[in-house]
Amino acid sequence: MPVLDPIKAALTDHLQTLIKKMTIGSGNTQASSRDGGSGNPLFSKSVEIQRVDERTLSMTALFDSQLSTEQSISEVVLHGDNPLDTPAFRATFMPITKNTSNEVRIDILMEVR
């Protein structure tokens, strides 16, 4: 039996209260639905959360040019106040360079199904 729409809306409300920060890092493992957390967190920012509709959240964070690292960025994690919290979301991508000559803005849409 599918989850009813009012429950999905309540789950979306609750998820919005759990997510506080977005962290980018240099993890070396592929993201999966059974992830335990970020691999190697480098920078964390407070995340802007907007509710798109009763089942969808939009999350945004800007990592400005003041942040720089020698390591390539290859993962993003959404979590509570601590980067080592169990993540609500983790994704890996092709490595990018983060130095003082660029900004990285990450936008994530999350839907409760």
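Note that the numbering runs from 1 along the sequence shown for the chain.
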Novice: Are any side-chain N or O atoms of K98 and backbone N or O atoms of D64, one a donor and one an acceptor, separated by less than 3.5 Å?
Specialist: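 Yes, because the side chain of K98 sits within donor-acceptor range (under 3.5 Å) of the backbone of D64.
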Novice: Does P41 reach the side chain of T23, with side-chain heavy atoms less than 4.5 Å apart?
Specialist: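 A side-chain contact exists here, since the closest heavy-atom pair is under 4.5 Å.
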Novice: D81 side chain to K21 main-chain N or O, any donor-acceptor pair under 3.5 Å?
Specialist: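 Between the backbone of K21 and the side chain of D81 there is no qualifying donor-acceptor contact (under 3.5 Å).
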Novice: Between T17 (side chain only) and H14 (backbone N and O only), is there a donor and an acceptor less than 3.5 Å apart?
Specialist: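 Here the side-chain-to-backbone pair exists.
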Novice: Is it true that S68 and N99 share a donor-acceptor pair across their side chains at a distance under 3.5 Å?
Specialist: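 Short answer, no.
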Novice: Answer yes or no: is there a side-chain heavy-atom contact under 4.5 Å between L42 and Q71?
Specialist: yes
Novice: Answer whether the closest heavy-atom distance between the side chains of L62 and K45 falls below 4.5 Å.
Specialist: no
Novice: At their closest point, which heavy atom of S72 faces which heavy atom of S26, and how far apart are they?
Specialist: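 Residues S72 and S26, closest heavy atoms: O-CB, 3.2 Å.
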Novice: Show me the donor-acceptor pairs, under 3.5 Å and distance only, between side chains in residues 3-12 and residues at least two apart or in other chains.
Specialist:
residue	atom	partner	partner atom	Å
T12	OG1	K8	O	2.9
T12	OG1	E54	O	3.2

Novice: Got M110 and L78 here, is their nearest side-chain heavy-atom distance under 4.5 Å?
Specialist: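 With C-beta onward as the side chain, the pair touches.
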Novice: Verify the neighbour count for atom CD of E48: are there more than 12 heavy atoms of other residues, nucleotides or ligands below 6.0 Å?
Specialist: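 Open: at most 12 neighbouring heavy atoms sit under 6.0 Å from CD of E48.
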Novice: Report whether I108 and L18 are members of the same hydrophobic cluster (ILVMFWY, side-chain heavy atoms less than 4.5 Å apart, transitive linking).
Specialist: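 No, it is not one cluster - the side chains of I108 and L18 are not joined through contacts under 4.5 Å.
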Novice: Side chains of I73 and F63, heavy atoms from C-beta outward: is any pair under 4.5 Å?
Specialist: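 A side-chain contact under 4.5 Å is absent here.
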Novice: Taking all atoms of both residues into account, what is the closest heavy-atom pair of M22 and A61, and its distance?
Specialist: SD-CB, 3.6 Å
Novice: Atom OG in S58, atom CD in Q16: separation rounded to 0.5 Å?
Specialist: 10.5 Å
Novice: Which residues pass the salt bridge (charged side-chain N to carboxylate O under 4.0 Å, His left out) test with D107, sequence neighbours left out?
Specialist: R105
Novice: Within this structure, what is the OG1-CZ distance for the pair T56 and R113, rounded to the nearest 0.5 Å?
Specialist: 9.5 Å
Novice: Check whether any side-chain heavy atom of L109 sits under 4.5 Å from a side-chain heavy atom of V52, and report yes or no.
Specialist: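 Yes. Closest side-chain heavy atoms under 4.5 Å.
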Novice: So do V77 and F89 actually touch side chain to side chain, heavy atoms under 4.5 Å?
Specialist: no
Novice: Side chains of I19 and M59: closer than 4.5 Å at any heavy-atom pair?
Specialist: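 Yes, close enough: below the 4.5 Å cut-off.
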